[in-house]
Protein chains: 2
Amino acid sequence: MSPAESPGGLATVDAARDALRARGLRWTPQRRVLVEVVLAAHGHVTGAELIDRCRAIDPDTTPSTVYRTLDTLEELGLVQHSHGLDGGEEYHTLPASEHGHLRCEGCGGSWDIEASEAEALTRALTDSRGFTVNLSHLTVVGRCKGCSPT
Amino acid sequence: MSPAESPGGLATVDAARDALRARGLRWTPQRRVLVEVVLAAHGHVTGAELIDRCRAIDPDTTPSTVYRTLDTLEELGLVQHSHGLDGGEEYHTLPASEHGHLRCEGCGGSWDIEASEAEALTRALTDSRGFTVNLSHLTVVGRCKGCSPT
DNA sequence: ATTAATGCAAACGGTTTGCACTACT
DNA sequence: AGTAGTGCAAACCGTTTGCATTAAT
């Protein structure tokens, strides 16, 4: 058995390799590069960004391979995507705890919103409408302290 | 003077015409069509959608004109855009009150979130981080009552 | 040997641009 | 007459696809 059943996140390169192989999928150099890049980013990155960073490691990186692998990783629950300020897709590793994102329109900064922080909202919506919030898809846009409207 | 100073929203075709002319901008047939369509939609519509609906009225509608006019209308504060489930741009008229959106991943349904409903969240973020939420850019994704995970 | 995955190149969809022309004021 | 706005066509960007080839198992 593995050291510990990961709660779903992409914790290490080895975990990704194991997860893929466990499903009869293959572990390739290209996938290794992408997984490394995704892990190193531990934030929110667009597909195009990921391609660039992969190319920094392997200049021969191909878009189709990256996108296809991202799809695969998402199916395995190792990464997830949401949408950024410009509406573009953004990928991020699935961390131990589900969380939302905070984006500043001024500086472009990004922070996590913990479940506890969003609880007031999620509970309000559940109570009043029976609506279940997908926290990891939640992006709150606005202005951070430093970029506040004077 | 106008009947009533609109609080910013796009209420009628005439209001749009007046707002444009007040800035030395022009009122054209194409703009009239788009404004009619946007008003009729009173929901969230993508740019592509708007183009289609405009074409239903005027088959000669051109994408560039629509997008350019949407930009103009947004500058005037008559419409605003946010992002949908797929990350695509969605336009909507600026209603009297600022509000967020609720989107169901299951059925694609869309509802408004009133300021009061989101207040718990906005206040929490303001208090703890000095972050000012842009409510009209807020889209909460999840599952509605009917589409709830069994 | 099997078949998953890659690389290429082309297509895609929505949006944006440059430029000459049109038409609102 | 003056200039904002239009229409066209081409470019753009990130993403997706088909297909023949390569390589992990």
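We name chains A, B, ... by the order of the sequence lines, and we start the count at 1 in each one.
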Value in whole Å for how far the [atom2] atom of [N] lies from [atom1] of [X]:
X: B:Leu34; N: D:dG7; atom1: CG; atom2: P; result: 12 Å
X: A:Glu90; N: D:dG14; atom1: CD; atom2: P; result: 13 Å
X: A:Leu76; N: C:dA4; atom1: CG; atom2: P; result: 14 Å
X: A:Arg55; N: D:dG14; atom1: CZ; atom2: P; result: 11 Å
X: A:Arg32; N: C:dT6; atom1: CZ; atom2: P; result: 14 Å
X: B:Asp71; N: D:dG5; atom1: CG; atom2: P; result: 12 Å
X: B:Leu20; N: D:dT3; atom1: CG; atom2: C1'; result: 16 Å
X: A:Arg23; N: D:dT25; atom1: CZ; atom2: P; result: 17 Å

Residues that [X] engages under side chain to side chain donor-acceptor pair (under 3.5 Å), provided they are two or more places apart:
X: B:Thr61; value: none
X: B:Arg31; value: none
X: A:Arg55; value: none
X: A:Arg129; value: B:Glu117

Just the table, please: protein N/O against nucleotides 8-13 of chain C N/O, every pair under 3.5 Å.
| residue | atom | partner | partner atom | Å |
| --- | --- | --- | --- | --- |
| C:dC8 | N4 | A:Ser64 | OG | 3.2 |

Requested in this report: Return the set of residues passing side chain to side chain contact (heavy atoms under 4.5 Å, CB included) with B:Glu75 (not counting sequence neighbours), or none when no residue passes.
Outcome: none
Query raised in the report: Mapping A:Asp58 and B:Gly47 onto DNA chain C by nearest heavy atom, which one lands closer to the 5' end?
Result: A:Asp58
Query raised in the report: For C:dG7, does either OP1 or OP2 sit under 4.0 Å from a side-chain N or O belonging to A:Thr61?
Result: no
Only counting residues at least two apart or in another chain, list the ones meeting salt bridge (charged side-chain N to carboxylate O under 4.0 Å, His left out) with [X].
X: A:Arg123; answer: A:Glu119
X: A:Asp14; answer: A:Arg17
X: A:Arg26; answer: none
X: A:Arg68; answer: none

Requested in this report: Return one dot-bracket line describing DNA chain C 5' to 3' (Watson-Crick or G-U wobble pairs, both distances under 3.5 Å; ( ) same strand, [ ] crossing, | another strand, . none).
Outcome: ||||||||||.|||.||||||||||
Requested in this report: Would you confirm whether B:Thr132, through its side chain, and A:Gly142, through its main-chain N or O, come within 3.5 Å as a donor-acceptor pair?
Outcome: no
**Report entry** Whether B:Gln30 side chain and B:Val66 backbone form a donor-acceptor pair below 3.5 Å
**Finding:** no
Report summary line: The contact string for nucleotides 20-25 of chain C, one letter per nucleotide 5' to 3', using protein heavy atoms under 4.0 Å with B, S and - for base, sugar-phosphate only and none, comes out as ---BBS
